[in-house]
Every structure is written in structure tokens, then in C-alpha cells.
Amino acid sequence: MMATEQAHAKLTLYLHLLGKRAADGYHLLDALVVFTDLADTLAVTETSGELNLRIHGEFASDIAAQPPSSNLVLRAATLMQAHFNVRSGAALQLTKRIPVAAGLGGGSADAAAALRLLNRLWKINAPLDTLAPLAASLGSDVPACLYSQPLRMQGVGEIINPLAPQHHPNGTLLLINPRKSLLTRDVFAACRPPEPTQIPAADLPDWQSARNDLEQAAIEICPDIAEILQWLSAQEGCKAARLCGSGATCFGWFEKATMAQHASERLAAQKPHWWHSVTALMA
Ligand code: C5P
């Protein structure tokens, strides 16, 4: 029997850098993370022991180039098998709709979806809190993607606090990517974090007037980002325009879905070479 799981694209509505961890150079941050209805799909059937993965979809070729050993879905599956002493295997199929190396957490979302899916398929039935340390060992953003709900993310990504429903942001987003991939580690390496003395405010900042502290470094590496942000800011009904994660995707936030749709139509006519998607925030 085939089971499936959706891997929703992750969006950082704000991302504040608070310093750098001395031990490993990872950055301490405070971020508001939400998920959108743009998603990859992971499907699986059980095998007698082996693990394999086939990749389809618009962005399949961007990850097919990577060696299988570095693929986060296969690494997640190997980890689950070993950690829970599972004898069964899995034939996995990934449909890739989220652009790769784009700041939308696609690889992390796929890995998190693999953990949730195999947890069900192999009847491990562990609570998400038990899977969270495994998720963190796969990448900083994988714990957030494991919960896949509006949350505040702190530490280097391992401190997760889901938002109460009354704080869930809503609205429609226009996502734009210049079709240039950007490596997270390159953007972090180029940013200038403050000394690790700031303690995040206890209250949730108002995300619309907050910022993404990776924006400047990302623009230095990929100047198209500045052009995208400028274009978005000029659109009628766009209330905020910001970089997603480490980029190069940017989002424009619209209260009214029709205005996001109209902006996307103008974009298709004016900038046909940019990838774009109109997507709603998930509750
Ligand atoms: O954890 P992950 O492999 O996704 O991170 C990719 C790179 O991003 C790391 O090698 C590190 O350079 C950088 N990073 C960071 N601080 C974080 C998360 C990631 O410096 N909190």
C-alpha cells in the first residue's frame, strides 16, 4: 500500500541574527517560521529491506545531480532504520515542486516528511518530540519542518515554539526566484552577525516591521534579489517584501489574494525569466 506525505515550503517572515556560536560557528537566530501550500510530495511503499528514491517533478534535475549519499531523504530514511532497528525498507518517490537551494527549506521539508512518513509506514509511531533530535542531526531547519506549523524558531534552529492560533499570520504570498541557486552556508559566511550578547525579546516581534538579517549578504552574492524586492515593493497591495531564509527567493505579502494574483500576471508579462508562485499560508 502506498502512503504519502506533503513537504511544505518553509518561509521565514522575519529572521534576526543574534550572534555566532563559538563552538562551531553556527549562527544564533530568532525567526518566525510559517509554511505555505507550495509543497513537494513524498510517496512510499514498503520493501523487504533496501532503501531507494526516485525523483520527479519540475525541479527533479536540480537534485538528481547530487550524489545519493548526500540526499536528505535517503539520509533521513537510513537514520530512521538504524535508530529504531527497522528491518523493512522503503521505495520512496519524491515529486519536487519547491525550487532547490532557494531559501524555501525544500530539502529540509523533504527530510522531515521522510521522518513522518516512515514513522507511519514502519509503525514506529514515535511522537514528533522524539523525532526532533533526529531531525536536528540532519540539518538546522529540519526540526521546524518536522512540526510544519507556524512557529518561532530560536537557538541555531533547535528551539521550537509553536504559535498560538491567534498569532497565526495569514494572507497570500507571491514568491519570486531569479532561477539562481544560493548556498545557505555561503550567505551565512558573508553576513556580519552581532556579538552573541543580545537576548531575544520575550514578546513576538511584529513581523511586518521586522527584517531578515541575511538580506544584505544575499544581495551581495546575488544582486537580482535587490531588483526582485524593488519590483515587489512597487506592486499594488504588497504590504511587505522580504528575502526568504538565505534566498534567493523573495516573498511579497498581500492581504488580498486577488492582488497577489494580479501582481503575478504582471510579473509573467514583465519578467518571464523569473520563477514565481502564488501561495497561501497554512494555519
Ligand atoms: O544545518 P544546515 O546544514 O542546513 O546548514 C547549512 C549551513 O548554514 C551550515 O553549514 C552553516 O554554515 C550555516 N548555518 C549557520 N547557522 C545556522 C544554520 C545554518 O551558520 N543557524
Side-chain angles (χ1 to χ4, degrees), residues 5-16 29-41 97-99 102-106 108-109 112-113 116 128 141-154 157 159-177 200-215 225 228-229 231-268 274-283:
E5 190 74 27
Q6 295 295 99
H8 293 277
K10 165 189 145 282
L11 212 91
T12 42
L13 290 182
Y14 74 78
L15 190 159
H16 293 166
L29 42 88
D30 176 20
L32 179 59
V33 175
V34 293
F35 292 84
T36 79
D37 61 8
L38 171 70
D40 294 340
T41 304
R97 301 184 190 93
I98 307 173
L104 294 170
S108 304
R116 294 192 304 265
L128 292 184
D141 284 348
V142 187
C145 294
L146 184 66
Y147 293 94
S148 202
Q149 59 181 279
L151 53 89
R152 191 173 185 183
M153 183 173 100
Q154 290 166 315
I159 304 173
I160 303 285
N161 284 298
L163 297 190
Q166 69 267 29
H167 295 306
H168 285 189
N170 47 31
T172 305
L173 303 163
L174 172 58
L175 303 177
I176 305 178
N177 183 283
D203 292 338
L204 187 69
D206 166 33
W207 73 264
Q208 288 183 51
S209 54
R211 42 180 214 280
N212 180 341
D213 283 338
L214 295 176
E215 217 161 79
I225 292 168
I228 294 175
L229 290 173
W231 189 91
L232 277 168
S233 303
Q235 299 310 304
E236 190 187 356
C238 179
K239 299 286 169 89
R242 199 164 291 160
L243 184 71
C244 302
S246 55
T249 309
C250 300
F251 72 82
W253 181 76
F254 296 77
E255 264 168 342
K256 294 206 177 85
T258 49
M259 291 202 162
Q261 198 57 49
H262 289 152
S264 94
E265 284 156 20
R266 285 189 292 272
L267 184 80
W274 286 349
W275 173 90
H276 72 275
S277 177
V278 175
T279 180
L281 291 179
M282 312 260 307

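Scope of the values below: all heavy atoms of this structure, side chains included, with no hydrogens, waters or symmetry mates.
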Look up atom NE2 in His168 and atom CE in Met282, then write down how far apart they are to the nearest 0.5 Å. 11.0 Å
Would you say Leu11 and Leu175 make side-chain contact, with heavy atoms under 4.5 Å? yes
Any side-chain to backbone donor/acceptor pair from Trp253 onto Asn170? Under 3.5 Å, distance only. yes
What pair of heavy atoms forms the shortest contact from Leu13 to Pro169, and how long is it? CD1-CG, 3.5 Å
Interatomic spacing from CG in Leu104 to CZ in Phe35 - rounded to 0.5 Å: 11.0 Å
Euclidean distance, Ser148 OG relative to Glu5 CD, rounded to 0.5 Å: 8.5 Å
Please assess Asp30 against Arg152 for the test side chain to side chain contact (heavy atoms under 4.5 Å, CB included), listing each intermediate value before the final yes or no. CA-CA 7 Å; Asp30 176 20; Arg152 191 173 185 183; 2.9 Å; yes
Stepwise side chain to side chain contact (heavy atoms under 4.5 Å, CB included) test for Val34 and Trp207: CA-CA 11 Å; Val34 293; Trp207 73 264; over 6 Å; no
Are more than 12 heavy atoms from other residues, nucleotides or ligands located less than 6.0 Å from atom CD of Glu265? yes
Run the numbers on Leu146 and Arg116 for side chain to side chain contact (heavy atoms under 4.5 Å, CB included), then give the verdict. CA-CA 7 Å; Leu146 184 66; Arg116 294 192 304 265; 3.9 Å; yes
Interatomic distance, Leu128 atom CG to Ile160 atom CD1 [nearest 0.5 angstrom]: 11.0 Å
Is the backbone of Ile98 close enough, under 3.5 Å, to the side chain of Asp40 for a donor and an acceptor to pair up by distance? yes
Does any N or O in the side chain of Gln235 come within less than 3.5 Å of the main-chain N or O of Trp231, such that one atom is a donor and the other an acceptor? yes
Out of curiosity, Cys145 SG to Met153 CE, how far, rounded to the nearest 0.5 Å? 8.5 Å
Do any N or O atoms from the side chain of Asn177 and from the backbone of His276 form a donor-acceptor pair under 3.5 angstrom? no
Is there a donor-acceptor pair under 3.5 Å between the side chain of Arg242 and the backbone N or O of Leu229? no
Exercise: identify the closest heavy-atom pair between Ala7 and Ala109: CB-O, 3.4 Å
Heavy atoms, side chains only, cut-off 4.5 Å: are Ile176 and Thr249 in contact? no
Closer than 3.5 angstrom, by distance alone: can the side chain of Asn212 be matched with the main-chain N or O of Leu243 as a donor-acceptor pair? yes
Glu255 with Lys239: basic N within carboxylate O range, under 4.0 Å: yes
Closest non-hydrogen atom pair, Cys244 against Thr12: C-OG1, 3.8 Å
Do Leu174 and Phe251 come close enough that some side-chain heavy atom pair is under 4.5 Å? no
Between Arg97 and Thr41, which heavy-atom pair has the shortest distance, and what is it? NH1-OG1, 2.8 Å
Correct closest heavy-atom pair for Gln154 and Asn161 would be OE1-ND2, 4.2 Å
Donor-acceptor contact present, side-chain Thr279 to main-chain Leu38, <3.5 Å: yes
Are the side chains of Tyr14 and Val33 in contact, using a 4.5 Å heavy-atom criterion? no
Can Asp141 and Lys10 be said to form a side chain to side chain contact (heavy atoms under 4.5 Å, CB included), step by step? CA-CA 9 Å; Asp141 284 348; Lys10 165 189 145 282; 3.1 Å; yes
To the nearest 0.5 Å, atom CD1 of Ile228 lies from atom SG of Cys250 at 5.0 Å
Can you name the nearest heavy-atom pair linking Pro162 to Leu151, along with the distance? CA-CB, 3.8 Å
